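Taking it in order: structure first as structure tokens, then the write-up.
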Number of protein chains: 2
Amino acid sequence: MNQIRVLLVDDHPAFRAGLSALLKPVREIVIADEASTGEQALALVGGVQPDVVLMDLAMPGMGGVAATERLVRDHPHIRVLVLSMADDDDSVFAALRAGARGYVLKGARKAELVRSIVAVHGGEAIFGPAIASRLTGYFTGLARRERGFPELTAREREILILMSSHLTNPVIAERLGLSGKTVRNHVSSIFAKLHVADRAEAITRARESGF
Amino acid sequence: MNQIRVLLVDDHPAFRAGLSALLKPVREIVIADEASTGEQALALVGGVQPDVVLMDLAMPGMGGVAATERLVRDHPHIRVLVLSMADDDDSVFAALRAGARGYVLKGARKAELVRSIVAVHGGEAIFGPAIASRLTGYFTGLARRERGFPELTAREREILILMSSHLTNPVIAERLGLSGKTVRNHVSSIFAKLHVADRAEAITRARESGF
DNA sequence: GCAAAGCCCGGGACAATGTCCCGGTTGTCC
DNA sequence: GGACAACCGGGACATTGTCCCGGGCTTTGC
């Protein structure tokens with residue numbers, strides 16, 4: 001049976017040792033190598049040829065996010081599974097933007113960790129319970145805002161749509177056969193209903209709501 | 001050992017039968033019940049008390065997305081794992097917005113399916129290989145646009161950040177100890193570099209780029 | 001040392017944006 | 001008929017954004 005070759009990246013030697021001991025008895029996994037910084041990880045991957053990189057985020061020098069970004073860019077077949085203490089939106093979404101295939105908090109039980117490594121190796125994406133909540137919150141949060149979208153009149157919806165393609169008031173007026181002043185007034189009442197102060201926010205809200 | 005109680009929701013009886021036969025020998029899983037429509041699933045969950053609902057999307061009447069949305073709203077402790085043939089962005093992100101904890105394509109191998117059910121039951125989020133690509137594509141797509149982000153001066157970045165929280169020019173000026181006129185000029189040059197015409201577009205671009 | 005380039009700071013003049021008033025017209029519902 | 005809302009627009013005013021201008025500052029290179 002082909003074992004999954006894992007590269008450990010973490011600046012804390014004790015943690016690497018613990019992780020290594022934890023994963024050693026697992027049949028389907030083998031620790032191919034360890035790195036203590038992002039730079040070192042990037043230097044190693046070419047020779048080590050890991051299937052999965054277990055990446056910490058908080059490291060001196062090049063952080064895990066930057067390392068992940070370069071790693072997935074230069075070695076698209078290698079999957080990155082983030083294993084971090086950081087349980088906040090910024091860290092999670094930065095890792096996702098960088099191309100990580102999974103995100104598990106340090107402190108996860110062994111079974112969860114092994115399952116995550118196997119899943120990521122198989123091309124799946126997997127996120128620990130706390131992270132999963134953030135992820136679904138991200139998407140259902142969008143849906144929730146959509147539900148809360150206030151009711152606009154036909155004219156207002158029409159104008160908001162044109163506004164969302166970044167047309168100016170005079171252009172909108174010309175296209176709808178209205179006076180520029182009328183458009184400005186409609187725009188103003190749209191802002192009031194959306195509880196926003198200017199075009200910028202209005203368009204942001206409209207986009208978020210899949211308008 | 002506590003088995004995971006699974007409710008199967010699919011309008012195709014043969015598929016339910018196959019799935020049931022596939023999962024029956026699995027120790028940690030028990031099929032608690034089956035439903036052939038979204039409505040039926042919603043009616044059943046109260047009595048069946050499943051841990052995980054295996055949800056098809058394309059069903060007559062109430063689709064899987066609507067059923068998922070109501071299910072997670074009324075029973076937050078129940079996890080929904082979508083098992084669908086649909087491999088397109090609209091289906092995937094609609095399911096995520098509805099609150100699904102996972103998404104696996106029909107045709108997944110048994111091991112992957114079992115792993116997904118176990119992971120979802122544990123509160124994790126998991127996505128099959130094809131879906132994982134869409135998910136990372138969603139986030140790294142944002143990142144990719146960021147790479148094309150033009151270079152701004154230190155002052156310009158600073159002002160763009162404040163602008164992105166919807167502050168007005170006078171407020172920004174006051175906060176940075178500048179004249180309102182200077183801020184306007186900086187803002188103007190930011191627009192030029194971003195190739196946009198107004199605040200609205202500039203903020204949109206900045207947000208897309210994870211600025 | 002000195003010039004060129006780039007950033008930063010601001011003013012002037014002007015057009016577009018947005019706000020808070022106002023009045024008038026057209027429907028619709030009771 | 002009367003109440004109500006959507007729609008259209010004007011007046012006056014502050015804010016925003018554009019295209020000029022010039023002066024002070026540091027960095028780079030000859």
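Heavy-atom basis, side chains included; hydrogens, waters and symmetry copies ignored. The chains referred to below are lettered A, B, ... by the order of the sequence lines, with proteins before strands, and numbering in each begins at 1. All values reported here derive from a predicted model rather than from experimental measurement.
Closest contact between the side chain of B/Leu178 and the listed nucleotides C/dG10, C/dG18, D/dG17 involves C/dG10. In this structure, the nucleotide among C/dT17, C/dC7, D/dG17 sitting nearest to the side chain of A/Pro170 is C/dT17. Each of C/dT17, D/dT15, D/dC8 was ranked by its minimum atom distance to the side chain of A/Arg155; first place goes to D/dC8.
Taking atom CG on A/Leu160 and atom P on C/dT17, their separation rounds to 16 Å, with Å as the unit. As a whole-Å value, the separation of B/Ile172 CD1 from D/dG17 P is 9 Å. For B/Lys181 and D/dG17, the NZ to C1' distance is 9 Å, given to the nearest whole Å.
A/Asp88 and A/Ser91 share a donor-acceptor pair across their side chains, judged by distance under 3.5 Å alone.
Regarding contacts with the backbone of C/dT17, every side-chain N or O of A/Ser188 stays at 4.0 angstrom or more from both OP1 and OP2. Between D/dT15 and B/Arg184, no contact under 4.0 Å exists linking OP1 or OP2 to a side-chain N or O. OP1 or OP2 of C/dG10 has at least one side-chain nitrogen or oxygen of B/Thr182 nearer than 4.0 Å. Proximity of A/His186 to the phosphate of D/dC7: no side-chain N or O atom is located under 4.0 Å from OP1 or OP2.
For C/dG10, the base has a donor-acceptor partner in the side chain of B/Asn185 [N/O atoms by modelled type, under 3.5 angstrom].
Across all strands, B/Ser179 comes closer than 4.0 Å only to sugar-phosphate atoms, never to a base (heavy-atom distances).
Contact check on B/Asp56 versus B/Arg16 returns no salt bridge, with no Lys/Arg side-chain nitrogen under 4.0 Å from an Asp/Glu carboxylate oxygen.
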